[in-house]
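Okay, so here's the structure we're looking at.
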Amino acid sequence: MRRLLACLVAVLIAAGAPAWAAERPVTILISIDGFRADYLDRGITPVLSRLAEEGVRGAMRPSFPSKTFPNHYTLVTGLRPDRNGIVENNMEDPAIPGVTFKMSNRDAVRDRRWWDQAEPIWVTAETAGIPTAPYFWPGVEAPIRGVRPRYWVKFDMDTPNAARVDQVLNWLDLPPAKRPRFVTLYFDTVDTAGHDYGPESAEVNAAVAGVDVEIGRLLEGLKARGRDANIVVVADHGMAALSDDRKAYMDDVLPKTAYRSLAGGAFMTIYPAAGHEAEVDAALIRPHDHYQCWRKAEIPGRFRYGRNPRVAPYFCLAETGWALTTRDYRPSKPERGAHGFDPASAEMAAIFIAHGPAFRAGVRLPDFNNVSVYPLLAKLVRVSPRPNDGTIADIAKGLVAP
Ligand code: AMP
Ligand code: ZN
Ligand code: ZN
């Protein structure tokens, strides 16, 4: 009977079979914001740990700066932030005057000009006629290079994790011709708990365990539908603990009237006020305890950062675990964890797990740069990758057919 069925399928495939007969596994990219690579060793993630054992596990260095929007765009374009255009969560562009790009600025997030420097994989796939559903991924709200994903939803942080999983399963219930072949899923609860309570907290562990349960529900849902999937689990960055005794104050070296800043914490971006250029330069470009500042053209080469017109004129990076702030800064709640630090520090390392028919079992990869996720995705989705900063060689050891 089995043989007969196999024969029938073979004949159908040969005859230009209906989609169900030759169905290929869907690619599901899951981002768990702020999931530091070593959270996986805490013994609280039965589902993710099983995926890692039955598949491929690694730790990724984020791209500079280790923030959410830049790294999410890197993961789906293979380009470092300096080349993909999303150089920071908060930025300005001389070509888009009068606007500050921020995650909370809805109009900016929907304006393709901020995203058009790169082509995310869903745009390439849609252009090739492959339906996609990049759920809540930064950039999906804009018609990048004139193309929108077939399925997308406006970002809403209040959507419970369970509802996010249900939405993905609903898309996978669509008839084959309408069903997305590349899907993403995004969870922010681990990052939020990391900022509010620190990476070593019970709250982070609870958030990690909660996301693990939801990914378990996704797997159950796929199984119930008889759906094969290549699943790639990533994070955009890790999380470092902050402390009240590890603060450096910019106003100790520079009066607030001399500059503007769009970011503080792990790093500070500095825009000199008109007429204060020389004062700012002299104050910043010298040694400081627990942080270092560079003119944008002199940012160390290993960060691959500073050519983009959107990069601030000065960039000051704190030592990992230190916060660069001002004495009058009063956040609504104290931050116990942060990211944005040197991508090479262990605390910034991000989770990577890959599981499914394309992947070998029990493979542990050497640490790699997150730009290499993109060529992997292109292979799984079967589109030719755009020029990028990654290399599939970083992940090839984990592939059944490299
Ligand atoms: P970060 O401060 O860099 O860790 O950013 C994390 C925050 O980004 C999360 O708390 C989310 O609420 C927010 N976020 C993630 N994706 C989006 C999006 N597509 N649109 C707006 N905000 C987002
Ligand atoms: Zn993040
Ligand atoms: Zn964060």
Side-chain angles (χ1 to χ4, degrees), residues 29-37 39 60-76 81 86-91 100-112 114-115 120 122 133-144 148-149 151-161 164 167 184-199 201 203-204 207-208 211 233-242 262-269 320 323 331-341 343 347-352 370 373:
L29 174 66
I30 304 177
S31 165
I32 313 174
D33 200 310
F35 195 116
R36 199 167 82 180
Y39 290 174
M60 300 189 296
R61 280 179 293 272
S63 296
F64 188 84
S66 51
K67 289 278 182 155
T68 296
F69 264 42
N71 276 282
H72 275 87
Y73 211 40
T74 291
L75 288 162
V76 294
I86 305 299
V87 304
E88 222 289 88
N89 284 346
N90 306 283
M91 59 181 169
T100 302
F101 179 96
K102 319 182 190 167
M103 297 188 288
S104 57
N105 179 347
R106 272 272 135 63
D107 291 337
V109 163
R110 288 180 183 172
D111 182 343
R112 59 178 274 193
W114 292 100
W115 306 93
W122 67 78
Y135 189 27
F136 280 179
W137 205 272
V140 300
E141 295 181 48
I144 300 172
R148 280 190 187 284
Y151 309 100
W152 64 281
V153 180
K154 201 174 82 172
F155 183 71
D156 175 8
M157 200 174 167
D158 295 332
T159 308
N161 289 345
R164 301 181 190 197
Q167 171 64 266
T184 75
L185 192 48
Y186 172 76
F187 299 109
D188 39 19
T189 41
V190 171
D191 180 71
T192 304
H195 285 292
D196 292 351
Y197 302 99
S201 63
E203 287 83 354
V204 161
V208 164
V211 167
V233 182
V234 296
D236 46 354
H237 49 72
M239 187 66 64
L242 296 178
L262 294 181
F267 60 78
M268 213 177 245
T269 54
T320 300
S332 48
K333 38 185 168 182
E335 271 216 310
R336 303 280 180 232
H339 51 87
F341 297 109
E347 294 93 326
M348 293 301 102
I351 187 177
F352 175 87
N370 70 348
V373 169

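Just so we're clear, the structure is a prediction, and the values are computed from it rather than from any experiment. Computation of the quantities below employed the complete heavy-atom set of this structure, encompassing side-chain atoms and omitting hydrogens, waters and symmetry-equivalent molecules. Every number for a ligand or one of its atoms is a count from 1 in the order of the listing.
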Q) Taking it one step at a time, do V190 and Y39 satisfy side-chain contact (heavy atoms from CB on, under 4.5 Å)? A) CA-CA 10 Å; V190 171; Y39 290 174; 3.7 Å; yes

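- A heavy-atom distance below 4.5 Å is found between the side chains of L75 and M60.
- Side chain to side chain, T189 and N161 meet the donor-acceptor criterion of an N or O pair below 3.5 Å.
- One of the N, O or S atoms belonging to D191 lies under 2.8 Å away from the Zn ion (ligand 3).
- Here H195 reaches the Zn ion (ligand 3): one of its N/O/S atoms is less than 2.8 Å from the metal.
- No other N/O/S atom of D33 lies as close to the Zn ion (ligand 2) as OD1 does.
- Counting just the N/O/S atoms of D236, the one with the shortest distance to the Zn ion (ligand 2) is named OD2.
- Expressed to the nearest 0.5 Å, how far CG of D33 lies from CG of D236 amounts to 4.0 Å.
- The Zn ion (ligand 2) has an N, O or S atom of T68 inside 2.8 Å of it.
- In H237, the N, O or S atom that comes nearest to the Zn ion (ligand 2) is NE2.
- H72 pairs in a ring-ring contact (aromatic ring centres under 6.0 Å, His included) with only one of the listed residues (F136, F155, W137), which is W137.
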Between the protein and ligand 1, which nitrogen or oxygen pairs come in under 3.5 Å, and how far apart is each?
residue	atom	partner	partner atom	Å
ligand 1	3 (O)	T68	N	3.2
ligand 1	3 (O)	T68	OG1	2.6
ligand 1	3 (O)	N89	ND2	2.8
ligand 1	4 (O)	T68	OG1	2.9
ligand 1	4 (O)	D191	OD1	3.4
ligand 1	4 (O)	D191	OD2	3.0
ligand 1	4 (O)	H195	NE2	3.4
ligand 1	4 (O)	H339	NE2	2.8
ligand 1	5 (O)	T68	OG1	2.9

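- Taking the six-membered ring for Trp and thresholds of 30 and 60 degrees, F69 and W115 have ring planes inclined between 30 and 60 degrees apart.
- The aromatic rings of W114 and F101 are tilted relative to each other, their planes meeting at an angle between 30° and 60°.
- The distance from atom CG of N90 to atom OG of S104, rounded to the nearest 0.5 Å, is 7.5 Å.
- Residues A193 and S201 approach most closely at O-OG, 4.4 Å, considering heavy atoms.
- Nearest N/O/S atom of H339 with respect to the Zn ion (ligand 3) is recorded as NE2.
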